[in-house]
Number of protein chains: 2
Amino acid sequence: MEDRFSQQLKKGVLEMLVLKLICGGPTYGYELLTRLREESHGRFVLKEGTLYPILYRLEDEGLIAARWSQGEGRTAPKKMYEATEAGILENIRRMQVWQEFEETVNGFYRGGNNA
Amino acid sequence: MEDRFSQQLKKGVLEMLVLKLICGGPTYGYELLTRLREESHGRFVLKEGTLYPILYRLEDEGLIAARWSQGEGRTAPKKMYEATEAGILENIRRMQVWQEFEETVNGFYRGGNNA
DNA sequence: TTAAAATACTTAGCAATGCTAAATAGTATT
DNA sequence: AATACTATTTAGCATTGCTAAGTATTTTAA
């Protein structure tokens, strides 16, 4: 259980990170859960109910595309996602927005005012 | 009008910044609106409907305390806020949480994985 | 001296997103 | 055969920023 503050900080950022990971190459929901957990060193441990709706939103917005893969070695199908061209561009844009946002916030903690 | 992404990034951060500003010395709602706008160079332009509920939450949580000031030069009262001891400690904690959060997010954009 | 603008606070209702929780199903391990 | 792991779906809640409108006082300008 996290405090409310930490929880709220994630809003918007999770979707950005999921898009970023998918831009790195085709992947699927369950793997994203694992990667978010591991690559954040246990700081972004999502429940399925958080991740999957993010994937559906990204798909609705046309930023990623899905196809069901008939596993080769195994039979159970996975829903593979990859970034569309629009998704790749949007990923770049969000990175820039994030960086500017970060700078703005940090400005409030530097020397009293944000020069 | 901002895009949905930029809007969502603010969640949690606005309350953190308001607490930070109040920790810097007694102030009141309208002044906070101005300072957030100016010290962010126009990036955090809040409507009253966003700011005042934040102040009420901080007060409910016991992080800030309010008193009505009978203006000296003017008659109209302002609701002055200042940080409580708990608020000062919480401000420090949130700064640390923010810094760790920031690091974690940036980790996803550095060298592919978050070492 | 009246009208407008700026100062200052309040509140109702909506939108977006992370959370809890539970359900479904196939595969691997013991 | 039972349990754990992989994998996806969905319903409902909580939090918080947004729009929008309203009230009231003070200052400025016509």
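To find a chain, count down the sequence lines: A is the first, B the second, and so on, and within it residues start at 1.
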In whole Å, what is the span from the CG atom of B/Leu36 to the P atom of D/dC18? 11 Å

Close side-chain approach of B/Asp3 to A/Arg93, heavy-atom, < 4.5 Å: yes

Heavy atoms under 4.0 Å, any strand shown: does B/Leu14 hit a base, just sugar-phosphate, or nothing? sugar-phosphate

Rounded to the nearest Å, what distance is computed from the OH atom of residue B/Tyr52 to the P atom of nucleotide C/dA8? 8 Å

In whole angstrom, what separates A/Leu46's CG from D/dT8's C1'? 15 Å

N/O (side chain, B/Tyr28) to phosphate O (OP1/OP2, C/dA8) under 4.0 Å: yes

A/Lys10 side-chain N/O to C/dG18 phosphate OP1/OP2 under 4.0 Å: no

Please work out if A/Lys47 contacts a base, only the sugar-phosphate, or nothing of the nucleic acid, heavy-atom cut-off 4.0 Å. base

When rounded to whole Å, the NZ to C1' distance for the pair A/Lys78 and D/dT9 reads 18 Å

Please check the phosphate of D/dT16 (OP1 and OP2 only) for any side-chain N or O of A/Arg4 closer than 4.0 Å. yes

Atom-pair distance (CG on A/Leu55; C1' on D/dT8), nearest Å: 10 Å

Using heavy-atom distances to pick each residue's nearest nucleotide on DNA chain C, tell me which of B/Met80 and A/Pro53 is more 5'. B/Met80

Is any side-chain heavy atom of A/Glu61 closer than 4.5 Å to a side-chain heavy atom of A/Glu90? no

Taking the minimum atom-to-atom distance to the side chain of A/Tyr30, which one of D/dC18, D/dT8, C/dC19 wins? D/dT8

Check B/Glu31 with B/Lys78, please: is the shortest side-chain N to carboxylate O separation under 4.0 Å? no

Residue met sooner reading DNA chain D from 5', once B/Thr50 and A/Tyr56 are mapped to nucleotides: A/Tyr56

Check the phosphate of C/dA15 against A/Arg57, side-chain N and O only, distance under 4.0 Å to OP1 or OP2. Yes or no? no

The residue, A/Glu48 or A/Glu15, whose nearest nucleotide of DNA chain C is more 5′ is A/Glu15

Base, sugar-phosphate, or nothing for A/Gln7, non-hydrogen atoms under 4.0 angstrom? sugar-phosphate

Counting any heavy atom closer than 4.0 Å, what does B/Gly49 reach on the DNA or RNA strands: base, sugar-phosphate only, or nothing? base

Quick one: A/Lys79 NZ to D/dT6 C1', roughly how many Å, whole number? 16 Å

Determine whether A/Glu102 and B/Val105 make a side-chain contact, defined as any pair of heavy atoms from C-beta on separated by less than 4.5 Å. no

D/dC13 C1' sits how many Å from A/Lys11 NZ, rounded? 11 Å

Can you tell me how far P of D/dT15 sits from CD of A/Glu2, to the nearest Å? 15 Å

Please examine the side chains of A/Leu46 and A/Leu32, heavy atoms only from C-beta on, and report whether any two atoms are closer than 4.5 Å. no

